[in-house]
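Because only heavy atoms are used, hydrogens play no part in the values below, and waters and symmetry mates are left out as well, while side chains stay in. For ligands, and for the atoms within them, numbers begin at 1 and follow the listed sequence.
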Amino acid sequence: MKNFSLTYAPGTALQRLALQDINLSVAKGEYRALIGPQGSGKSTLLQVMAGLLTGEGQVTVAGLDLRPAKNRDQLWRQVGLVFQYPERQLFEDTVFNDVAYGPRNLGLNEAEVQRRVRAALAAVNLPPETHRLSPFKLSGGQQRRAAIACVLAMEPRLLLLDEPTAGLDPRAKGQLMDLFSRLCREKQVTVVLVTHDMEEVAHRADKVTVLSQGRVVLEGCPRQVFACRSRLAEIGLALPFAAQLAGALQEKGLPVRQMTTMAEAERQVAELLHRCSKIKRAGG
Ligand SMILES: Nc1ncnc2c1ncn2[C@@H]1O[C@H](COP(=O)(O)OP(=O)(O)OP(=O)(O)O)[C@@H](O)[C@H]1O
């Protein structure tokens with residue numbers, strides 16, 4: 001995106017500048033997290049990347065300049081957008097037909113449709129006995145997975161995820177986040193994830209973009225972004241637990257390096273305990 005801005009309902013009483021002068025570049029195969037307080041423009045930005053919203057400035061996705069409408073129309077073959085609560089879009093008589101809907105619309109032959117549907121349902125761990133059920137007979141978590149399978153069956157090159165695990169239990173959430181990571185690492189699918197979950201960002205993202213009031217205010221790898229403690233506090237964003245712990249220990253004068261993931265926290269706490277026990281043994 002180059003110098004991109006978007007105003008909702010221009011010229012009306014509801015006019016709202018949602019994105020201002022955005023310059024953003026996401027590499028192929030990258031896992032990008034998009035964070036920011038409520039109303040900062042994250043969902044709007046995802047919809048622009050999906051070609052659903054337009055504004056002023058340049059947007060190029062998968063080599064397509066999105067200004068001409070014909071290019072935006074082509075994008076749906078390459079981009080999968082998972083909205084918040086995607087299960088609300090399930091509508092077919094069976095789970096199988098819901099997942100097959102997109103591939104059939106692509107005009108693929110039935111053997112390829114079947115292959116894609118089975119692969120997508122297996123990827124989200126929906127067992128074969130659920131495939132012929134009405135999606136409305138599934139549990140809430142299963143419905144979410146079926147809805148995500150609908151997007152995966154399109155085999156998108158770019159996966160845009162708007163809080164895809166909101167409301168799921170930790171196990172289901174972990175499984176889905178692992179799946180998105182695998183698609184990124186093994187199939188070079190580009191992932192852009194909107195989330196309020198800083199642990200996920202610290203753990204999985206290659207890079208983080210922070211939005212505030214429609215502007216990009218910080219960008220970098222998780223370690224760089226989470227080192228900007230006061231800026232994030234000003235914006236109203238929390239730090240991952242490990243970064244909070246590092247700050248608390250440093251305030252007490254303990255020799256702790258900056259850290260963002262739980263694995264780093266475990267290593268550093270183990271080092272600290274080891275040093276404590278050596279000091280104790282030495283009678284200190
Ligand atoms: N269809 C719309 N018409 C008018 N204003 C809108 C519309 N959609 C969003 N907005 C406004 O644009 C701004 C950005 O909204 P957006 O949903 O992109 O933010 P967000 O960061 O995704 O928020 P959240 O974390 O709450 O989902 C907000 O001020 C919102 O009220």
Side-chain angles (χ1 to χ4, degrees), residues 1-26 30-61 66-67 69 72 75-76 79-89 140 144 147-148 151 156 158-168 173 176-177 180 190-205 207-220 222 225-226 228 231-240:
M1 292 182 156
K2 278 197 194 139
N3 307 326
F4 184 86
S5 299
L6 185 148
T7 304
Y8 281 114
T12 72
L14 297 174
Q15 177 166 320
R16 169 94 203 180
L17 182 56
L19 294 174
Q20 290 187 63
D21 204 21
I22 303 283
N23 288 288
L24 182 76
S25 176
V26 180
E30 185 184 323
Y31 195 123
R32 175 70 61 104
L34 209 51
I35 60 174
Q38 287 191 340
S40 56
K42 305 179 296 295
S43 300
T44 303
L45 193 51
L46 274 198
Q47 290 176 67
V48 172
M49 290 179 183
L52 298 177
L53 291 173
T54 55
E56 285 166 42
Q58 192 183 336
V59 186
T60 309
V61 177
L66 297 195
R67 281 172 293 196
R72 293 197 297 278
L75 203 62
W76 68 276
V79 173
L81 174 60
V82 177
F83 288 100
Q84 292 176 18
Y85 301 98
E87 57 276 20
R88 291 178 188 157
Q89 289 155 46
R144 177 75 55 88
I148 289 171
V151 173
L158 170 62
L159 199 48
L160 304 170
L161 306 166
D162 199 349
E163 296 188 60
T165 57
L168 294 184
K173 181 178 145 186
L176 277 178
M177 296 312 292
F180 300 137
T190 308
V191 173
V192 181
L193 169 74
V194 167
T195 184
H196 290 281
D197 186 334
M198 300 304 159
E199 306 305 328
E200 287 297 341
V201 175
H203 181 48
R204 300 183 191 268
K207 269 178 108 176
V208 189
T209 298
V210 185
L211 285 182
S212 175
Q213 299 184 339
R215 289 180 181 276
V216 173
V217 291
L218 284 173
E219 192 166 86
V225 166
F226 290 128
C228 304
R231 188 73 181 102
L232 291 171
E234 253 171 53
I235 299 166
L237 289 179
L239 292 172

| To the nearest 0.5 Å, what is the distance between CG (L237) and OG (S40)? | 7.5 Å
| query | Would you say E56 has more than 12 foreign heavy atoms packed within less than 6.0 Å of its CD? | reply | no
| message | Can a donor-acceptor pair be found, under 3.5 Å and without considering hydrogens, that links the side chain of R231 to the backbone of L218? | response | no
| query | Looking only at protein heavy atoms, which one is nearest to atom 17 (O) of ligand 1, and how far off is it? | reply | S43 CB, 3.8 Å
| field | Contact bool for atom 15 (O) of ligand 1 (protein heavy atom, d < 4.0 Å) | value | yes
| field | ligand 1 atoms in contact with T44 (distance to a heavy atom under 4.0 Å) | value | 14 (C), 15 (O), 16 (P), 18 (O)
| note | atom 21 (O) of ligand 1: of K42, Q47, Q213, the nearest heavy atom sits on K42
| request: Might you confirm whether atom CD of Q15 has over 12 heavy atoms from other residues, nucleotides or ligands at distances under 6.0 Å? | output: yes
| task | Please identify which atoms of ligand 1 are closer than 4.0 Å to at least one heavy atom of H196. | result | 25 (O)
| message | Test your reading of the model: is there a side-chain donor-acceptor pair from R72 to the backbone of L66, 3.5 Å cut-off? | response | yes
| task | State the atoms of ligand 1, each with its element, that fall below the 4.0 Å cut-off from a heavy-atom position in R16. | result | 11 (C), 12 (O), 29 (O)
| request: May I ask you to decide if G36's main-chain N or O and K42's side chain share a donor-acceptor pair within less than 3.5 Å? | output: yes
| said: Can you confirm whether some protein heavy atom lies under 4.0 Å from atom 30 (C) of ligand 1, or whether none does? | reply: no
| message | Does any N or O of ligand 1 fall below 3.5 Å from an N or O anywhere on L14, backbone included? | response | no
| Hey, is S40 one of the residues with a heavy atom under 4.0 angstrom from ligand 1? | yes
| request: Report yes or no: does P37 have a heavy atom closer than 4.0 Å to ligand 1? | output: yes
| side-chain contact (heavy atoms from CB on, under 4.5 Å) between M198 and F226, worked out | CA-CA 9 Å; M198 300 304 159; F226 290 128; 4.0 Å; yes
| request: Examine Q38 against ligand 1 and note whether any of their N/O atoms are separated by less than 3.5 Å. | output: no
| N/O donor-acceptor pair under 3.5 Å between D162 side chain and V82 backbone | no
| query | At a 4.0 Å cut-off, with the gap strictly under it, does some heavy atom of G41 reach an atom of ligand 1? | reply | yes
| message | For atom 2 (C) of ligand 1, what's the nearest protein heavy-atom neighbour? Residue, atom name and distance, please. | response | Y8 CD2, 3.5 Å
| query | Take atom CD in Q213; do more than 12 heavy atoms of anything else shown fall under 6.0 Å from it? | reply | no
| field | E219: partners by salt bridge (charged side-chain N to carboxylate O under 4.0 Å, His left out), with sequence neighbours left out | value | R32
| task | Any atoms of ligand 1 less than 4.0 Å from a non-hydrogen atom of A18? List them with their elements. | result | 12 (O)
| field | Identity and distance of the protein heavy atom lying nearest atom 27 (O) of ligand 1 | value | Q84 NE2, 3.7 Å
| field | For atom 28 (C) of ligand 1, the protein heavy atom that lies nearest, with its residue and separation | value | G39 O, 3.7 Å
